[in-house]
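Structure first, then comments.
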There are 4 protein chains.
Amino acid sequence: MLRVGVIGTGMIGQDHIRRMTKVLSGVRVTAVTDVDTDVAKKVAEAIGATAHATGEDLVADPEVDAVAVCSWGPTHEQYVLASIAAGKPVFCEKPLATTQQACLRIVEAEVARGSRLVQVGYMRRYDVAYRALKKVLDSGAIGAPLMMHCAHRNPSVPAFYEKEMAITDTSVHEIDMARWMFGEEIAAVRVLVPRKSRNGGELQDPLLLILEMASGALVDVEISVNIRYGYDIRGEIIGEDGTAALGELSPVTVRRLGQLSTPIAADWRERFILAYDIEIQEWIDSIAAGGPPLGPTAWDGYAAAVVSDAGVAALRSGARVEVSLAEQPTLYHSVGA
Amino acid sequence: MLRVGVIGTGMIGQDHIRRMTKVLSGVRVTAVTDVDTDVAKKVAEAIGATAHATGEDLVADPEVDAVAVCSWGPTHEQYVLASIAAGKPVFCEKPLATTQQACLRIVEAEVARGSRLVQVGYMRRYDVAYRALKKVLDSGAIGAPLMMHCAHRNPSVPAFYEKEMAITDTSVHEIDMARWMFGEEIAAVRVLVPRKSRNGGELQDPLLLILEMASGALVDVEISVNIRYGYDIRGEIIGEDGTAALGELSPVTVRRLGQLSTPIAADWRERFILAYDIEIQEWIDSIAAGGPPLGPTAWDGYAAAVVSDAGVAALRSGARVEVSLAEQPTLYHSVGA
Amino acid sequence: MLRVGVIGTGMIGQDHIRRMTKVLSGVRVTAVTDVDTDVAKKVAEAIGATAHATGEDLVADPEVDAVAVCSWGPTHEQYVLASIAAGKPVFCEKPLATTQQACLRIVEAEVARGSRLVQVGYMRRYDVAYRALKKVLDSGAIGAPLMMHCAHRNPSVPAFYEKEMAITDTSVHEIDMARWMFGEEIAAVRVLVPRKSRNGGELQDPLLLILEMASGALVDVEISVNIRYGYDIRGEIIGEDGTAALGELSPVTVRRLGQLSTPIAADWRERFILAYDIEIQEWIDSIAAGGPPLGPTAWDGYAAAVVSDAGVAALRSGARVEVSLAEQPTLYHSVGA
Amino acid sequence: MLRVGVIGTGMIGQDHIRRMTKVLSGVRVTAVTDVDTDVAKKVAEAIGATAHATGEDLVADPEVDAVAVCSWGPTHEQYVLASIAAGKPVFCEKPLATTQQACLRIVEAEVARGSRLVQVGYMRRYDVAYRALKKVLDSGAIGAPLMMHCAHRNPSVPAFYEKEMAITDTSVHEIDMARWMFGEEIAAVRVLVPRKSRNGGELQDPLLLILEMASGALVDVEISVNIRYGYDIRGEIIGEDGTAALGELSPVTVRRLGQLSTPIAADWRERFILAYDIEIQEWIDSIAAGGPPLGPTAWDGYAAAVVSDAGVAALRSGARVEVSLAEQPTLYHSVGA
């Protein structure tokens, strides 16, 4: 029974606690902490866990075998570094850290330690549709990939959502997915700016993000965050001999009022709930088996941050921006992307 | 942590043990038994459980809070009755028992005990597609149900598969599903016999089973057990104002060699693996919460057996056969179908 | 330029006149007649055709090369016989005649004449989806056909629609289609009666018609004539090794208000408009080429009438009713079904 | 009966002759001509038409009411100008002319004449799927259009196909379609160059063409001309409140060998055959009614040429290229795009 300490008991933290308490196997949440100590205490009480005053205390707790970092982004670096220092596996919700420099410090700390302890929470790699898509691609059935068309659509975003978040917060999922799907780094980024939706008010929405992979393959991503009709994630890979696309995954088909229709997910929770379950279960299993985590690495988190920065620069300048990564340490060779 | 004893460590028993050991939350398998004691010992050792000589010993084990019966059909009755006698919740794989008389004895034992302890393993009720279908029906969006078209297709069946098993083994899933979906009993059964497939050799395959619900609604079920192309379960409800059907649930769409295609499940394990997970997790949760199980009841198991017998009679005679059920005890009112 | 005389200028007659005047190639409507002579005159004037007092006059008109019978069903026999007597090709809207005896008289007249002159208006054989379906079946890709599931759904029917018309008027299209698709006669018929829709008032709606083909293959047809949501024709053939179904044929897919949807045809005109065009163009082309018509024959019309009568008997009695056909004249060997 | 003279009896010319002779209504081909006079004579003989020595002779023929220009692109200008000079309606296959200057000369000649006589052969506007898509867009159901994703895929191209033809020959269909669909001009063009397919040899294939509409809406077009799997045209409009896409239009669905599949068109003839029929029939009907043609105008042909030139410049330079159109004459206001 893996004993996990959860740092951050906000929405995503509580959701992972629920998952590790009521859904998954071989895991127990033994400690929690939060900047809001009252919430932390309440959550701890409900599941019989210890509420710690700080993340560092939680990391140090001998009843904690592994750490899950679900706190506010700017605090990720310190807790991940503390976990590495303590030699404890740490699952960190995306982003790994809020600057590429911070991500690189984590990479360096992990490399210094000599073994992989960090997994970053890019859950799309665990989605049944993306996995089926990758399986088709890897089978060679459609030939080498030349392009990929993606759409990332949200029905709406909160008032605090700013223009750059379309890159840093929304399409960062596609950034990680593209690196994983194609098994290579992103070399350059462009952002094209279409006519604005009235639904987004002052916000520049939608955007068309274009990723240039190291091989020259192009990935275009429509980012629409106020499209009202539902949460919709789409992707089609264009290979030399054919294409493969994410399926529709509709559980029911209704004929009514002149239409044949299937429901669309209302939000990302509904769309990716199973991917989160699989993500965390596989993390638990890999840790429990004594091995390194098998999911997105600190390097993946760092690379996503660098591409994301390039994306923001491209959005601001209107120009093509090249991605410049540090040299990849051997620790990450043949892992993830 | 619910402690479950598993009777029968054959294919389905081992699969449930795997599920309760590596997938689900809040459960531990503490005891096992099997007619093949060597297998039972090996399985027990691998998970640190006790191997019992008999099912009765397992039921009596104080380390066993609840029992899962996964043994050979003819032994179900004795183990379920033993569990009831011990006052322990028992999950019994389908069928509840191999004769309607045995099923009725279980119903009577449970009624005598005064509370529901038995759940029968009809896992379709836990399938995301069937649940979405029922939700549409219950919403009233398509009006009252008048008909349902179903197909139950297997790529092939083993050599020992006999004609009657198309009813008793295969379409018994639709029999339970129809009662649950429509919320009413089945009143009569017909079986029509089409031209035989060369793939089934001497076997009469396919069949067209027609269930007449108490309300007069008709459910037709194509049973094809040698259709080669894959495992395919389909269902469409015809309501007064529209229809609703099980979705295609395809994770990926491929365009290649002149075709747009999506994969079809190879077998029932692939198609229903998630339904099994949900079925057992919900059973665990209901038992752990101290309540009665919320799934298919002993009455449902009994009713399925009676309809199944009527189906076999209809297959043999070619005639419409009425279903004659005992009076439903109040214990089962407003539960399940 | 084939010169066609149209008997009957009601809705379907006028539609064929429009088709032969404004849509199709190589044809001109030179003569019309109708029981309502005012309508006939008006129609004739608009297209510069002759309005005849009677169908017999029209058939005799030397400016008429071929005849299209679109009048009231009970008059079909006399006009078709007149055309045969005059040695002129005749396209007769379904039904060929209103009794199987009348149909047989037409068959006998044609046989006596020694060559095929009659084509009956079963237009499904010209629908692109049915043709694609038949092509798959004939290719052997799904093995020999064992069953077929059909649905024939109308949004509503007029007040004068009576119970038997579900067989004689509605599903007679499936009766012809099944004979053509499977290339064999229908041996027996059953009608099962589900719970009634409130939308049909006193009418028994829906029905489940079951056709037993000569080979033993079973064709089940859901007939729903008040289903509100649209006009929907579905069909899936179950072969030994796979299945083939009519496609959805949706020109557009919309994502809106939480749903992915495609439109459904409002009525049979919308669904089959192209099939009618192809039907009549191919008829024109075969006549213009001097050959016999290539579509449904008088024998097909007769067989549909006999099966339809058996269907009505089955509906009234609740029993399986065998179909008893006259011996097929050699004139019809290897033509149509 | 409209009498049409066809200039050019190559593949497309012969196809239109077949169409006007055997498929469509109200039309007769009375004259033909071709650079290869033997072919012209043979074609003329088969349909009882006059074979002229030159296009100019054909235009002057009093038995010719309207002209169809199907000859080699570089000859289009002279025959269209001759038709305008003769005051005869002329249907010109795309492109209207091979340079934007030549197109402008045609526009100016037509304007000088004072009425529209020219229609250009952009047949996508007549496709049932594109029309359904436009109907949804125009209905306001998905809000104002912000983006459109298109794909134009050919299984292969002939050896003489050069890089620029991806713009001038292939995606020029999307250029016209976008102007018509959005009802506005294209303001700028970009071409992005992905990794090359091995199937195209030296050819740069695929390409990603990006059209910037006057309103700022972006249309991206994947151009893949060696994708092997079939001919596939796709399009999805992203509106403020939803999206609408071209349907799949599959006539049949097959379940076989582990897959659910539908066929994909082999080539553009199969995909757009009906669109061609409707295009020419509507042209005939509009001319026969004495009005101007209702389809793509000379202005549309000119605009397509200008955008196409910009696209070629963008492909060569890698830069965003603005589109600079002459002022639109009032003759074309509120017509076409």
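The sequence lines fix the lettering, A, B, ..., with proteins before strands; numbering per chain opens at 1. Heavy-atom basis, side chains included; hydrogens, waters and symmetry copies ignored.
Distance CZ/B/R255 to CD1/A/I237: 13.0 Å, rounded to 0.5 Å. Between the OG1 atom of B/T243 and the CG atom of A/L260 there is a distance of 7.5 Å, given to the nearest 0.5 Å. Within the model, atoms CD1 of B/I142 and CZ of A/R256 stand 9.5 Å from one another, a figure rounded to the nearest 0.5 Å.
Residues B/P251 and A/L249 approach most closely at CA-CD2, 4.2 Å, considering heavy atoms. Closest non-hydrogen pair, B/Q281 versus A/K22, comes out as NE2-O, 3.7 Å.
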Exercise for the section: Test side-chain contact (heavy atoms from CB on, under 4.5 Å) on B/M1 and A/R28 and set out the steps. Expected result: CA-CA 11 Å; B/M1 188 68 52; A/R28 199 153 58 92; over 6 Å; no
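Heavy-atom distances place the side chain of B/L274, and not its backbone, under 4.5 Å from chain A. When heavy atoms are compared at a cutoff of 4.5 Å, A/V136 approaches chain B solely by way of its side chain, counted from C-beta outward. Of the atoms belonging to B/T253, heavy atoms from both backbone and side chain fall under 4.5 Å from chain A. With a threshold of 4.5 angstrom between heavy atoms, B/T21 approaches chain A through N, CA, C or O but not through any side-chain atom.
Residue A/E45 qualifies as open at atom CD: its count of foreign heavy atoms under 6.0 Å is 12 or below.
Most heavy-atom pairs under 4.5 Å with chain B, from the set A/G235, A/A288, A/A245, A/S261: that is A/A245. When the candidates B/A141, B/A244, B/P263, B/G242 are compared by the number of heavy-atom contacts under 4.5 Å with chain A, B/A141 comes out ahead. Comparing A/G247, A/G239, A/S25 by how many heavy-atom pairs each has under 4.5 Å with chain B, the most go to A/S25.
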